[in-house]
Amino acid sequence: MSLQSLLREKRVLVLCGAGGVGKTTTAAALGVAAARAGRKVLVLTIDPAKRLAEAMGLSEAGAEPTPISPERLFAGQEPGQGRLDVWMLDPRVVFERFVRRLSPSPEAARTILENRLYRFLSDLVAGMQEYAAAEALDNFLDEGRYELIVLDTPPSRHALDFLEAPGRLARFLDDRIVSLFLPEEKGRGGRLWRKTSQLLGNVLGSVFGESFTQEMRTFMGAFSGLFSAIRLRADRLRSRLTSPDAAFLLVTSPEGASLTEAAFFRDMLHEKGLPFAGFVLNRSWAREDGLTSPEALLRHVEDAGAARDGVEALIRLADLERARAEAHRGVLARLAEKLPAGAVAVAAPEAGGELEDFGGLVRLGEALATS
């Protein structure tokens, strides 16, 4: 297996890793490489750095994915059949579409969206990037307009929570306590439930007023129609992400903390039964195997003097660079030691900091795809 084959064969590529390791840049570069190779690609990102957003043509989170023009995508080569869209996830947009799509009727959707309690709930969910990622990914897979979706997860140990987020929301909404807020015709029934619900309604009515209590019951009654759909989508997404069509890549750097996070994610993927495809080692010199040696300059300078001192300083710097490159190659080798069959461990070329333009993403993507 190689990154090139992953980009050619998979339908979902999920990138995980700690913050500051270049995960979002790697996701964008892999999306560029796959699109230039002829696939219809969507890169779903959480919150790219300003320079990267500008390089991808993203000004702000929009209601629809932003297409990259063919002239920009295929600059330097003949235009192909591939297409690249990029979308910075907006949880509010995702959640509103989810309500409209899963409500049993347009009237039920309006009951939810026009209720003032919806604004509170949407603000709550707007902070749930994991849920937005899960819902958006499942919806785009369902639509089938993209051949490959590259998902950039939040830089957190909880990045894989997007797999569990729909199920957690469904369990919360279907909880026995929440059911007490439903209208009687939609509640669990039974004498004890009715008595408890009536008591709760009386308490809420005396504190907030009867109109608010009725408004809340109406809202929860409309929302209850989504329970089963949420559970089904949660099960479907998990099935999709454990299938051979999906792959999870862990992005890391040679720093100790990043490597610890990568090991944590690897173990978590194994525990959850998710398809681990390997590591991408960023911010390293592991690929710098052709470093020029300045020793040859010594024969062009006098035995003593400023010129010789300068060359000797260059030699010392070169020794440090060679030692760093060798150490990073050792890190890459250790990452590769216990990979499962078919997984990869590749090093990205050192880009010298943030990528400044779309051309940098093209070069990085091509370098990774040919690793």
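Bear in mind that the values here come from a model prediction, so they are computed numbers and not experimental data.
Residue Q81 qualifies as open at atom CD: its count of foreign heavy atoms under 6.0 Å is 12 or below.
Residue T45 forms a side-chain hydrogen bond (donor to acceptor under 3.5 Å, both in side chains) with just one option from T25, T153, D152, and that option is D152. With L368 as the partner, the side-chain contact (heavy atoms from CB on, under 4.5 Å) test is satisfied by one option alone out of V32, L30, N282: L30.
Between R236 and D138, at least one side-chain N (NZ, or NE/NH1/NH2) sits under 4.0 Å from a carboxylate O, which counts as a salt bridge. Checked for salt-bridge contact, D142 and R101 miss the test: no charged N lies under 4.0 Å from a carboxylate O. Electrostatic pairing of R322 and E326 does not count as a salt bridge here, judged by no charged N lying under 4.0 Å from a carboxylate O. A salt bridge links R110 with E107; the closest basic N to acidic carboxylate O contact falls under 4.0 Å.
Between L7 and A34, the shortest heavy-atom distance links the atoms CB-CB, 4.1 Å. Taking each heavy atom of D85 and P65 in turn, the nearest pair found is CB-CB, 3.9 Å. Scanning all heavy atoms of the two residues, the minimum distance from A286 to A347 falls at CB-CB, 3.7 Å. The minimum heavy-atom distance between R97 and E64, with the atom names listed, is NH2-OE2, 2.8 Å. L44 and F140 make their closest contact through CD2-CE1, 3.9 Å (heavy atoms, listed as atom of the first residue, atom of the second, distance). Closest heavy-atom contact between L6 and A247: CD2-CB, 4.1 Å.
Counting only distance, with no hydrogens or angles, the side chain of R283 and the backbone of P254 share no donor-acceptor pair below 3.5 Å. In this structure, the side chain of R39 engages the main chain of E147 through a donor-acceptor pair within 3.5 Å. One N or O on the side chain of H328 and one on the backbone of W285 form a donor-acceptor pair closer than 3.5 Å. The closest donor-acceptor contact from the side chain of R36 to the backbone of G82 lies at 3.5 Å or more, if one exists at all. Here the side chain of K272 pairs no donor or acceptor atom with the backbone of T242 at under 3.5 angstrom. Using a distance-only test at 3.5 Å, with no hydrogens or angles considered, a donor-acceptor pair links the side chain of S105 to the main chain of A108. S239 places no side-chain N or O within donor-acceptor distance of the main-chain N or O of D235, the cut-off being under 3.5 Å. The backbone N or O of S2 sits less than 3.5 Å from a side-chain atom of S5, completing a donor-acceptor pair.
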- request: Before giving the answer on side-chain contact (heavy atoms from CB on, under 4.5 Å), spell out for T260 and F265 the whole-Å C-alpha distance, their side-chain angles and the decisive distance to 0.1 Å.
  value: CA-CA 9 Å; T260 299; F265 278 118; over 6 Å; no
task: Kindly determine whether V331 and T252 satisfy side-chain contact (heavy atoms from CB on, under 4.5 Å), including the steps that lead there.
output: CA-CA 11 Å; V331 170; T252 185; over 6 Å; no
task: Show your reasoning for whether salt bridge (Lys or Arg N to Asp or Glu O under 4.0 Å) applies to R240 and D245.
output: CA-CA 7 Å; R240 283 171 163 170; D245 287 336; over 6 Å; no
message: Working note: L269 + L250, criterion side-chain contact (heavy atoms from CB on, under 4.5 Å); need CA distance, chi angles, decisive distance, verdict.
response: CA-CA 10 Å; L269 290 173; L250 302 182; 3.8 Å; yes
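Within the 4.5 Å cutoff, the side chain of L249 has heavy atoms near those of the L3 side chain. Between I149 and L13 the shortest side-chain heavy-atom distance does not fall below 4.5 Å. The shortest side-chain heavy-atom distance between R11 and Y146 does not fall under the 4.5 Å cut-off.
Judged as a salt bridge (Lys or Arg N to Asp or Glu O under 4.0 Å), not a single pair has a partner in residues 340-349 (not counting sequence neighbours).
The line from CG of L42 to CG of L84 is 8.0 Å long, rounded to the nearest 0.5 Å. F276 CZ to C16 SG: the interatomic distance, rounded to the nearest 0.5 Å, is 10.0 Å.
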